[in-house]
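Have a look at the structure below, then the notes.
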Amino acid sequence: MNVFAEINTLVLENLNTLVAEGTLPTGLDFSNVAVEPPRDAAHGDMATNAAMVLAKQARMKPRDIAEALADKLAADPRVLTADVAGPGFLNLRLDADIWLSVIPAALNHGTDFGRSDMGGKRKINVEFVSANPTGPLHVGHTRGAVFGDALAGLLDFAGFDVTREYYINDGGAQVDVLARSAYERYREALGQEPKIVEGLYPGDYLIPVGQAIAEKYGDSLLDKPESEWLAELREFSTEQMMDMIRADLKALGVVMDVFFSEKSLYGTGKIESALQTLEDKGLIYQGVLEPPKGKLPEDWEAREQTLFKSTEHGDDVDRPVKKSDGSWTYFAPDIAYHYDKIQRGFDELIDVLGADHGGYVKRMKAAVSALSDGKVPLDIKLTQLVKLFKNGEPFKMSKRAGTFVTLKDVVDLVGPDVTRFVMLTRKNDAPLDFDFAKVLEQSKDNPVFYVQYAHARVNSVLAKAAEAGFDVTDENLASADLRPLEHDAELGLVRKLAEWPRLLEAAARHHEPHRIAFYLYDLASDFHALQHLGKIEPELRFIRPDKPEQTLARLAMIRATAVAIAAGLGILGVTPAKEMR
RNA sequence: GGCCCCGUAGCUCAGCUGGAUAGAGCGGCCCCCUCCUAAGGGGCAGGCCGGUGGUUCGAAUCCACCCGGGGUCACCA
């Protein structure tokens, strides 16, 4: 049920008819023909630019095309009037029933209202968070987690077969550092003085890990050389860290489908196989990179390395996959990891990364393009910084982990729903100010509250109506006669509701979940305004005991609004509030 | 210096596939509850959409160059 798609189809059908009749020449490109709601409601319900887009191709005056199309469209029962305006816009006024039909559609579908088959069950992998398993998740990860999870939810709703995935960087030197740091905490747990030297992780979060090691191994590792415990503790500590990370994510409401270990790529031939694939395409060679342009690192020297010819797939320079000593660079397992995703049959890939990884985008896209022969698109979404405040003052907190605020800190303070919604009220590539005081405020300038309040208010009205004897079940409301909905403010709300399916698809196409948050705010705003009108003009109150038909129509309308809010919040991973007291 | 992101009202930001008179919240000024949640609603003031060219019937939106702010930049992941 998508009014816009419906009318778009109608316009295209009639354009084809005009071609068939010879009014328009053959061979026209309709791809730029759009049907949109006009910004100004005075222009009607829907407008199309078809005449202007086609005028040049057809070598006709825009107004002539518009008038011919208007005649055709006006013959459709759904179209009340079709007027040519301005340079050649065609403004359509639609039968109110078209708009009103969104109400039973919402009531019948519940929180699936707006679900689309746009994705056609295409397999899409959303990789996000992927923090090093060396400590707790912090605020930056939180934003990535919220964004990635909401994007995944959005794509699922839009008909994709979505996999949420976390890449565990457990293959590099940082895990050795973790193991050594945990070993010191282990010594501490057994009563010795820990030596947390420079370069080790000092965070308190490793204390319980040290205790766990003590429980498992007793004193058997004490005073043993590193070579005897490093591998063991690396694995053990990583698992402990991942348990903590999983718990943190769960507190935020994020559940991954797949945790993929970088380590699993080593010694299994996976890296070699991915690189071989590139080599078979002639994209691997031994060479010496040019020195970086501009500022030259002081210790720069020319080195012969194994390079990937990423410039053939859009990168600026070729990238090393092996160090000069022959070992892999970090880029090599990343290539292998993405190759693995391709081999698992994903049709599309998305990586959600922090903004500091901007320099990484081109080379990874080049690798995926090369490995999939350009068949699997990779979109990389970078999430910008989160700046923390409390009452407008910069906020620092260092409970246990050094100088950073952890995900758990944030969720403990404001809860998962508020955290998620607020972090989605900005585009991913815009910095975000997060004020702990403001996000908990119950007022209009707090979007979370404002949207939740609209949902709760609907519930409250329905409860009142039920007390007054109305049957407020969705089944009953879905069959209500909607003709009593006539007021501009009512029809305005209904139109806004009808935008939902279209908005959802646009958000999914652009990988921009924040559009849902803004839409919900607008929808809530329309609802609050209408609700208030009832205070000024009593005949606009939702519940009018003396007018049961009108009341049912209005209850159906506001219940449909609540359903849309619940559906939208559901995608964002936020629980709709039943009441706000 | 190269690359990436950003630049829209006093502040924080939306702005759809290029579409008609550029929107919201906050802040400022003014108004609205005997009532389904005033935890709300309405109005006024406030903009050369960073700049200059270009493409187009039409540009905040696309392209080029420039100016500001941030990020990043050969064997760290």
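Everything numeric in this text was worked out from a predicted model, so none of it was measured. What's counted below: heavy atoms across the whole structure, side chains too, no hydrogens, waters or symmetry copies. Chain identifiers are assigned alphabetically (A, B, ...) following the order of the sequence lines, protein sequences preceding nucleic acid strands; residue numbering begins at 1 within each chain.
With sequence neighbours excluded, the residues satisfying ring-ring contact (aromatic ring centres under 6.0 Å, His included) with Tyr167(A) are Tyr337(A). Contacts of Pro25(A) classified as side-chain contact (heavy atoms from CB on, under 4.5 Å), with partners at least two apart in sequence or in another chain: Leu28(A), Ala58(A), Met60(A). Among residues two or more places apart in sequence or in another chain, the ring-ring contact (aromatic ring centres under 6.0 Å, His included) test is passed with Phe434(A) by Phe436(A). By the side-chain contact (heavy atoms from CB on, under 4.5 Å) test, Ala131(A) pairs with Val129(A), Leu137(A), His141(A), Tyr166(A), sequence neighbours left out. Scanning for salt bridge (charged side-chain N to carboxylate O under 4.0 Å, His left out) contacts around Arg426(A) gives an empty result, with sequence neighbours left out. Residues meeting the salt bridge (charged side-chain N to carboxylate O under 4.0 Å, His left out) test with Lys362(A), sequence neighbours left out: Asp316(A).
The side chain of Asp429(A) sits closest to C6(B) out of C6(B), C36(B), C16(B). Listed nucleotides: U17(B), A38(B), G15(B). Nearest to the side chain of His514(A): G15(B). Closest to the side chain of Asp316(A), from the set G19(B), G15(B), C3(B), is C3(B). Distances were taken from every side-chain heavy atom of His510(A) (C-beta onward) to each of C16(B), A20(B), U12(B); the shortest belongs to C16(B).
Thr306(A) and Gln286(A) form a side-chain donor-acceptor contact under 3.5 Å, judged by distance and modelled atom types alone. No hydrogens or angles considered: nothing links the side chains of Asn169(A) and Tyr330(A) as a donor-acceptor pair under 3.5 Å.
Considering only side-chain N and O atoms, Tyr450(A) lies under 4.0 angstrom from the phosphate OP1 or OP2 of G41(B). OP1 or OP2 of G41(B) has not a single side-chain nitrogen or oxygen of Lys535(A) nearer than 4.0 Å. The side chain of Arg457(A) contributes no N or O atom lying less than 4.0 Å from OP1 or OP2 of G41(B). Note on His357(A): every side-chain N or O is 4.0 Å or more away from OP1 and OP2 of C5(B). Distances shorter than 4.0 Å separate some side-chain N or O of Lys362(A) from OP1 or OP2 on C4(B).
Judged purely by atom type and a 3.5 angstrom limit, Gln452(A) uses its side chain to pair as donor or acceptor with the backbone of Ala577(A). At distances below 3.5 Å, at least one donor-acceptor pair connects side-chain atoms of Asn49(A) with backbone N or O atoms of Ala34(A).
Remark: P of C16(B) and CG of Asn32(A) are 16 Å apart, rounded to the nearest angstrom.
Contact annotation for Asn91(A): base contact, defined as any heavy-atom pair under 4.0 Å involving a base atom. If you check every strand for non-hydrogen atoms under 4.0 Å, Glu441(A) touches nothing. At the heavy-atom level, Phe518(A) lies under 4.0 Å from the strands shown only through sugar-phosphate atoms. Within the 4.0 angstrom heavy-atom criterion, only backbone atoms of the sugar-phosphate kind lie near Ser443(A); the bases stay farther away. Residue Asn49(A) is classed as a base contact, given a heavy-atom separation below 4.0 Å to a base.
Counting non-hydrogen atoms of neighbouring residues, nucleotides and ligands closer than 6.0 angstrom, the CD atom of Glu235(A) reaches no more than 12 such neighbours.
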Residues 501-515 of chain A side chain polar contacts: donor-acceptor under 3.5 Å, at least two apart:
unit_1: Glu505(A); atom_1: OE2; unit_2: Ser116(A); atom_2: OG; d: 2.8
unit_1: His511(A); atom_1: ND1; unit_2: Asp379(A); atom_2: OD2; d: 2.7
unit_1: Glu512(A); atom_1: OE1; unit_2: Arg515(A); atom_2: NE; d: 2.8
unit_1: Glu512(A); atom_1: OE1; unit_2: Arg515(A); atom_2: NH2; d: 2.8

Which atom pairs, donor and acceptor, lie under 3.5 Å between side-chain atoms of residues 525-534 of chain A and protein residues at least two apart or in another chain?
unit_1: His528(A); atom_1: ND1; unit_2: Arg457(A); atom_2: NH1; d: 2.9
unit_1: His528(A); atom_1: NE2; unit_2: Tyr450(A); atom_2: O; d: 3.2
unit_1: Gln531(A); atom_1: OE1; unit_2: Arg457(A); atom_2: NH1; d: 3.3
unit_1: Gln531(A); atom_1: OE1; unit_2: Arg457(A); atom_2: NH2; d: 3.3

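Projected onto RNA chain B by closest heavy-atom contact, Ala34(A) and Ala85(A) fall at different nucleotides, the more 5' of which corresponds to Ala34(A).
A heavy atom lying under 4.0 Å from RNA chain B marks the following residues of residues 542-550 of chain A, by number: Phe542(A), Ile543(A).
On a pure distance criterion of 3.5 Å, a polar donor-acceptor pair joins the side chain of Arg541(A) and the base of C35(B).
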Might you list the N or O atoms of the protein lying below 3.5 Å from N or O atoms in nucleotides 55-57 of chain B, with each pair's distance?
unit_1: C57(B); atom_1: OP1; unit_2: Lys56(A); atom_2: NZ; d: 3.2

Polar atom pairs between nucleotides 62-70 of chain B and protein, under 3.5 Å, N or O only, would you list them?
none

(request) For each nucleotide in nucleotides 23-32 of chain B, reading 5' to 3', give B when a protein heavy atom comes within less than 4.0 Å of its base, S when such contact involves only the sugar-phosphate, and - otherwise. (result) -SSS-----B
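Taking the 5.5 Å centre cut-off and the 30° plane limit, the aromatic side chain of Phe89(A) is classed as stacked on A20(B).
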